[in-house]
S.K.: 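What follows is a single structure, and I will ask about it in a moment.
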Amino acid sequence: MVLQAQEGRLTATGVTTSAVRVLVTTAVPAERDAVVRAFTGPHEVRLPGGTLLRTAEGYDLLAAGVGPAPAAAGTATALTAAALDGRPYTLVVSAGIAGGFQPMAPVGSLVVADEITAADLGAETADGFLPVTELGFGTVSYRPPNSLVRVTGQATGARPGAVLTVSTVTGTAARANALLARHPGALAEAMEGFGVAEAAAAHGVPVLEIRAVSNPVGPRDRAAWRIGDALAALTEAFGKLVPALESWNPYDHR
């Protein structure tokens, strides 16, 4: 008799599989491939409009595209496909590289979002920027479960703080200062986290965002970018995070 592997049960090989079924969404294949290097045996799984990589450990990795809209669309597609298959995800992770606000998040460090915020979703007015919530619409922020942020920080050494989602990457000191003035707890900026969080929230699934800092937020200086080092840090982070998640209760949304 052949036993099918199921989350949290003993398989025919005697290996206990994880109770946590995780979708990891990145922007580009280079980030996805950095994450997948922490796993074994990935194979392709076709989705409507895309492909994800499924690892032997049961993690699904998706390069959904750059920006909050592709991130939301790709994540929602994967979540829907899993739910229709009767194997819904218990956690969604937005992962990749990011710009870090200095000196709080130096190049090469890891950050984990205790707040995922759409920093430029709103309106410019004569009195300054107004977030969309102050216009009477929607939300601009999601908070991952405290227990999950704590487990991630302890396992990887990632510093907790706000990670901003922007549609336009910061390229001046003036904008960096303006973002910090509006979001004093911000550690990093990236382009996908809020989109991933929107899709996860629509499906009632907790979300996490973890980033490796590749460059300072501010004036664009390609000579200061350390993308290779950040991708290597991302691989190392997931190598430590995966076993730590085995002890995390996916139903603890505090």
S.K.: With the side chain counted from C-beta on, respond yes when E57 and T40 share a heavy-atom pair under 4.5 Å apart, and no when they do not.
M.R.: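 A side-chain contact under 4.5 Å exists here.
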
S.K.: Would you check, one step at a time, whether the test side chain to side chain contact (heavy atoms under 4.5 Å, CB included) holds for D120 with R175?
M.R.: CA-CA 11 Å; D120 51 12; R175 185 167 191 255; 3.5 Å; yes

S.K.: Heavy atoms, side chains only, cut-off 4.5 Å: are L148 and V112 in contact?
M.R.: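 No, side chains not in contact.
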
S.K.: Does any N or O in the side chain of R159 come within less than 3.5 Å of the main-chain N or O of M104, such that one atom is a donor and the other an acceptor?
M.R.: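 Yes: the side chain of R159 pairs with the backbone of M104.
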
S.K.: For the hydrophobic clusters of this structure (ILVMFWY residues joined by side-chain heavy atoms under 4.5 Å, transitively), does one cluster hold both V242 and L231?
M.R.: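 Hydrophobic grouping puts V242 apart from L231.
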
S.K.: Can you find a heavy atom in the side chain of L208 that is under 4.5 Å from one in the side chain of T152?
M.R.: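 Yes, side chains in contact.
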
S.K.: So which atom in A244 and which in A155 form the shortest heavy-atom distance, rounded to 0.1 Å?
M.R.: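 Closest heavy-atom pair between A244 and A155: CB-CB, 3.5 Å.
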
S.K.: What I want to check is whether the side chains of T165 and E192 have a donor and an acceptor closer together than 3.5 Å.
M.R.: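 T165 vs E192: no donor-acceptor pair found between side chains.
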
S.K.: Go through it in stages, so that I can follow the logic: the residues are V92 and V22, the test is side chain to side chain contact (heavy atoms under 4.5 Å, CB included), and I'd like the CA-CA distance, side-chain angles, deciding distance and then a yes or no.
M.R.: CA-CA 6 Å; V92 179; V22 181; over 6 Å; no

S.K.: Tell me, which pairs form a ring-ring contact (aromatic ring centres under 6.0 Å, His included) where one or both residues lie in residues 32-56, sequence neighbours left out?
M.R.: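 Only F39-Y59 qualify under ring-ring contact (aromatic ring centres under 6.0 Å, His included).
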
S.K.: Flag the pair T55 / L61 as yes when at least one side-chain heavy-atom distance between them is below 4.5 Å, and no otherwise.
M.R.: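 Touching, per the 4.5 Å side-chain cut-off.
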
S.K.: Do W225 and V107 sit in one hydrophobic cluster, given that two such residues count as connected whenever their side-chain heavy atoms are within less than 4.5 Å of each other, even indirectly?
M.R.: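 W225 does not cluster with V107.
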
S.K.: Taking all non-hydrogen atoms of both residues into account, name the closest pair between A188 and A98 and its distance.
M.R.: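 Heavy atoms of A188 and A98 come nearest at CB-CB, 4.1 Å.
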
S.K.: So do the side chains of I116 and V207 get within less than 4.5 Å of each other, counting heavy atoms only?
M.R.: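 Sidechains of V207 and I116: in contact.
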
S.K.: Tell me the closest heavy-atom pair linking A34 and T235, and the distance in Å.
M.R.: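 Reported closest heavy-atom pair: O-OG1, 2.6 Å.
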
S.K.: Same cluster for V45 and L23 if Ile/Leu/Val/Met/Phe/Trp/Tyr side chains link at under 4.5 Å?
M.R.: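 Same cluster: V45 reaches L23 through Ile, Leu, Val, Met, Phe, Trp or Tyr contacts under 4.5 Å.
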
S.K.: Quick one: are T80 and H203 in side-chain contact, heavy atoms under 4.5 Å?
M.R.: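 The answer is yes; the side chains approach within 4.5 Å.
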
S.K.: Can you find a pair of side-chain heavy atoms, one from V111 and one from I210, that are under 4.5 Å apart?
M.R.: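 V111 vs I210: side chains apart.
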
S.K.: If a pair satisfies salt bridge (Lys or Arg N to Asp or Glu O under 4.0 Å) and one of its residues is in residues 41-56, list it, with sequence neighbours excluded.
M.R.: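 Listed once each, the pairs are R54-D60.
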
S.K.: Please check if the side chain of R21 supplies one atom and the backbone of R87 the other of a donor-acceptor pair under 3.5 Å.
M.R.: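 A pair under 3.5 Å: yes.
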
S.K.: Looking only at atom types and distance, does a side-chain atom of D221 sit under 3.5 Å from a main-chain N or O of A223, one as donor and one as acceptor?
M.R.: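 Yes: the side chain of D221 pairs with the backbone of A223.
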
S.K.: Where is the tightest heavy-atom contact between L234 and A212, given as atom of each residue plus distance?
M.R.: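 Looking at all heavy atoms of both residues, the closest pair is N-CB, 4.2 Å.
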
S.K.: Under a plain distance cut-off of 3.5 Å, with no hydrogens placed, do R226 and S214 share a side-chain donor-acceptor pair?
M.R.: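 Looking only at side-chain atoms, R226 and S214 do not form any donor-acceptor pair under 3.5 Å.
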
S.K.: How about S94 and T25: does a side-chain donor come under 3.5 Å of a side-chain acceptor?
M.R.: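 No pair is found: no donor N or O on one side chain lies under 3.5 Å from an acceptor on the other.
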
S.K.: Within a strict 4.5 Å, meaning less than it, do heavy atoms of the V36 and F238 side chains meet?
M.R.: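 Not touching, per the 4.5 Å side-chain cut-off.
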
S.K.: What do the steps show when you test I97 against E31 for side chain to side chain contact (heavy atoms under 4.5 Å, CB included), and what is the final call?
M.R.: CA-CA 7 Å; I97 62 176; E31 293 168 316; 3.5 Å; yes

S.K.: Do V24 and L241 share a hydrophobic cluster (ILVMFWY, side-chain heavy atoms under 4.5 Å, transitive)?
M.R.: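 In one cluster: yes.
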
S.K.: List for me each residue that meets side-chain hydrogen bond (donor to acceptor under 3.5 Å, both in side chains) alongside S109, sequence neighbours excluded, and say none if there are none.
M.R.: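 S109 satisfies side-chain hydrogen bond (donor to acceptor under 3.5 Å, both in side chains) with no other residue.
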
S.K.: Which residue pairs pass the ring-ring contact (aromatic ring centres under 6.0 Å, His included) test with at least one member in residues 69-105, sequence neighbours excluded?
M.R.: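 Applying ring-ring contact (aromatic ring centres under 6.0 Å, His included) to every pair that reaches into residues 69-105, excluding sequence neighbours, yields nothing.
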
S.K.: Distance check, rounded to the nearest 0.5 Å: Q154 atom CD versus R150 atom CZ?
M.R.: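 One gets 6.5 Å once the value is rounded to the nearest 0.5 Å.
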
S.K.: Extract all donor-acceptor atom pairs below 3.5 Å that involve side chains of residues 136-143 and protein atoms in other chains or at least two apart in sequence.
M.R.:
from : atom 1 : to   : atom 2 : distance (Å)
T139 : OG1    : S141 : N      : 3.4
T139 : OG1    : S141 : O      : 3.3
S141 : OG     : T117 : OG1    : 3.2
Y142 : OH     : E198 : OE1    : 2.3
R143 : NH1    : D114 : O      : 3.4
R143 : NH2    : E115 : OE1    : 2.9

S.K.: When Ile, Leu, Val, Met, Phe, Trp and Tyr are grouped by side-chain heavy atoms lying under 4.5 Å apart, directly or through other members, which residues fall in the same group as M191?
M.R.: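 Its cluster partners, ordered by chain and number, are V28, V66, V166, V169.
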
S.K.: I'd like to know if E189 pairs up with R211 as an ion pair, taking the criterion as any Lys NZ or Arg NE/NH1/NH2 lying under 4.0 Å from an Asp or Glu carboxylate oxygen.
M.R.: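 So E189 does not pair with R211 through a salt bridge.
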
S.K.: Is L179 reachable from L187 through a run of I, L, V, M, F, W or Y residues, each pair having side-chain heavy atoms under 4.5 Å apart?
M.R.: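 Same hydrophobic cluster.
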
S.K.: Could you report the tightest heavy-atom contact between L62 and G74, atom names first, then the distance?
M.R.: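 Heavy atoms of L62 and G74 come nearest at CD2-O, 3.4 Å.
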
S.K.: If you take all heavy atoms of A81 and L47, which pair is closest and at what distance?
M.R.: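 Taking A81 first and L47 second, the nearest heavy atoms are CB-CD2, 3.8 Å.
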
S.K.: Distance-only, no hydrogens or angles: does the Q102 side chain make a donor-acceptor pair with backbone N or O of A105 under 3.5 Å?
M.R.: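 The answer is yes, because a donor-acceptor pair under 3.5 Å joins these two groups.
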
S.K.: Are L110 and V213 close enough, and set up right, to give a side chain to side chain contact (heavy atoms under 4.5 Å, CB included), and what steps lead you there?
M.R.: CA-CA 6 Å; L110 295 168; V213 176; over 6 Å; no

